Amino acid sequence: MKIDRMRVFMTRDKDRPRVIVALDTDDGLTGWGECYNHGPDKALPPLLDYLYGFLSGQDPTRVEYLVNLLIQQSRFPPGALGLAAISALDHCLWDLAAKAANVPVYKLLGGEVRDRIKVYAGVYTAPDAPAAREEFDRLKEGWGFTAFKLSPWRIDMHSNRWGNVVKASADYFRSLRETVNDEYEIAFDAHAKIFEPIAARQLGNALAPYDPLFFEEPLRPENIEAWGDLKQGLNCTLATGESLYNRNEFLRLLQVKGADLIQPDICVVGGISEMRRIATLAEAYFVGVAPHNPMGPLATAVNVHFSAAAQNFRILEYRLPKGQAYVYGGLDVEKRQGETRYVVDPYLPKDGYLELRPDRSGWGVEMDEKAMEEEGYIHWQRRVPKRPDGSYAFA
């Protein structure tokens, strides 16, 4: 069995672009993978074309061998775009190797250590407590969710005194706890918008009395040592890692004791091959893994197999393939609706968990190539806010 073709699809997941990759073999198998398209997403197809030259004619079951080649041939450590492209190719190789063996991917990773995968629902805004209760209860009734992630921002952090921003977030979380089901777990994603570690600590400690599931990514990722400073004196669970790229960066984060939970993205770090190494490092530091997964249903399928085989997995971020469009920030529950069609049979929650599919090989999902072509590409770019003085703030 040899790899003899690659196809790249520029398609959409509701209102967001997605880059989906297929590797075909000479005996008729196809492996599927997904890039994290941070932007510029149109830069990924030519990069994938270049990398495919190292895979053409190769045996796809030599996954570690080929992924190591992709990483080592770059000479300089690959960054966001390089590792996003390698991630998708890594996914394709694991899918092909498992299909060739006629087993789920998690069986090639040592087998499942759990029977199902706990998920939390990304709500991502900061709706008033009654609206949040209605949304949480709707997701609980329909899919069994008991864990959710919101934004902590109730007022503009740039045009209000910081103490008032912190107070508004604390008052908000208190009102949530007084309003929603006491069994619900609630995480807050600060979205890397805070500059100073002391300010991030103030916000985290204001939320802490109300028991957040975790306080996510308050700071930018570049100065990893600052995360160690932040965690000292922080009284709630600190989670980060979606913007880190490889085992070396995560090792530094762990060495400075900069997180209680790490959140690597399987479409960013280089795929399952690198994700497993990162998880093993974290396990040695008694740190759990809660993968970053705001992506579509193919990325979710890949995460299911990683999570099934990782001892220190804790919980997986999840977005329903049919329903609200993606949004971050604001004070309302998102009303725009959409549907992601490129996975025919996505993993859907039951009682707040994703069930494994032991009778299916590879990722356990069927892809719809026609849907990818019909949906086509949609442009999206991150909006960068401005402070009152006219300077740009963190996005």
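These figures come from a predicted structure and were not determined experimentally.
Rounding to the nearest 0.5 Å places CD1 of Ile86 at 10.5 Å from CG of Asn246. Here Leu219 contributes atom CG and Ile194 contributes atom CD1; the two are 6.5 Å apart, rounded to the nearest 0.5 Å. Going from atom OG1 of Thr146 over to atom OH of Tyr184 covers 8.0 Å, rounded to the nearest 0.5 Å.
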Subject >> Step-by-step ring pair (Phe, Tyr, Trp, His ring centres under 6.0 Å) determination, His91 to Trp32 >> reply: CA-CA 6 Å; His91 301 166; Trp32 293 93; over 10 Å; no
Original post:
Passes salt bridge (Lys or Arg N to Asp or Glu O under 4.0 Å), Glu135 versus Arg138? Steps please.
Top reply: CA-CA 5 Å; Glu135 179 69 359; Arg138 181 186 72 83; 2.9 Å; yes
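When every heavy atom of Cys35 is checked against every heavy atom of Val21, the shortest pair comes out as SG-CG2, 4.2 Å. Shortest non-hydrogen contact noted between Lys118 and Phe313 is O-CZ, 3.6 Å. Scanning all heavy atoms of the two residues, the minimum distance from Met10 to Val19 falls at SD-CG2, 3.7 Å.
One finds a salt bridge joining Arg174 and Asp171 here, because a Lys/Arg side-chain nitrogen approaches an Asp/Glu carboxylate oxygen to under 4.0 Å. Using a 4.0 Å cut-off between charged nitrogen and carboxylate oxygen, Arg341 and Glu375 count as a salt-bridge pair. A salt bridge between Glu196 and Arg201 is absent, with no side-chain N of the basic residue lying under 4.0 Å from a carboxylate O of the acidic one.
Within the 4.5 Å cutoff, no side-chain heavy atoms of Asn293 are placed close to those of Ile266. Residues Leu356 and Ile117 meet the side-chain proximity criterion, which asks for heavy atoms closer than 4.5 Å.
Defined by atom type and a distance below 3.5 Å, a donor-acceptor pair is present between the side-chain atoms of Tyr377 and Asp41. At a cut-off of 3.5 Å, with distance as the only test, no side-chain donor of Asp265 or Tyr245 sits close to an acceptor on the other residue.
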Show me the side-chain donor-acceptor pairs of residues 227-238 shorter than 3.5 Å, one per line, residues at least two apart or across chains.
from	atom 1	to	atom 2	distance (Å)
Trp227	NE1	Arg220	O	3.1
Lys231	NZ	Asp260	OD1	3.2

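The one candidate from Phe215, Tyr210, Phe173 that meets the ring-ring contact (aromatic ring centres under 6.0 Å, His included) condition with Phe188 is Phe173. Here the options are Phe148, Phe145, Trp143, the test is ring-ring contact (aromatic ring centres under 6.0 Å, His included), and the partner is Phe136; only Phe148 passes.
Ile315 belongs to a hydrophobic cluster whose remaining members, ordered by chain and number, are Tyr120, Leu213, Phe214, Leu261; membership requires side-chain heavy atoms of ILVMFWY residues under 4.5 Å apart, directly or through intermediates.
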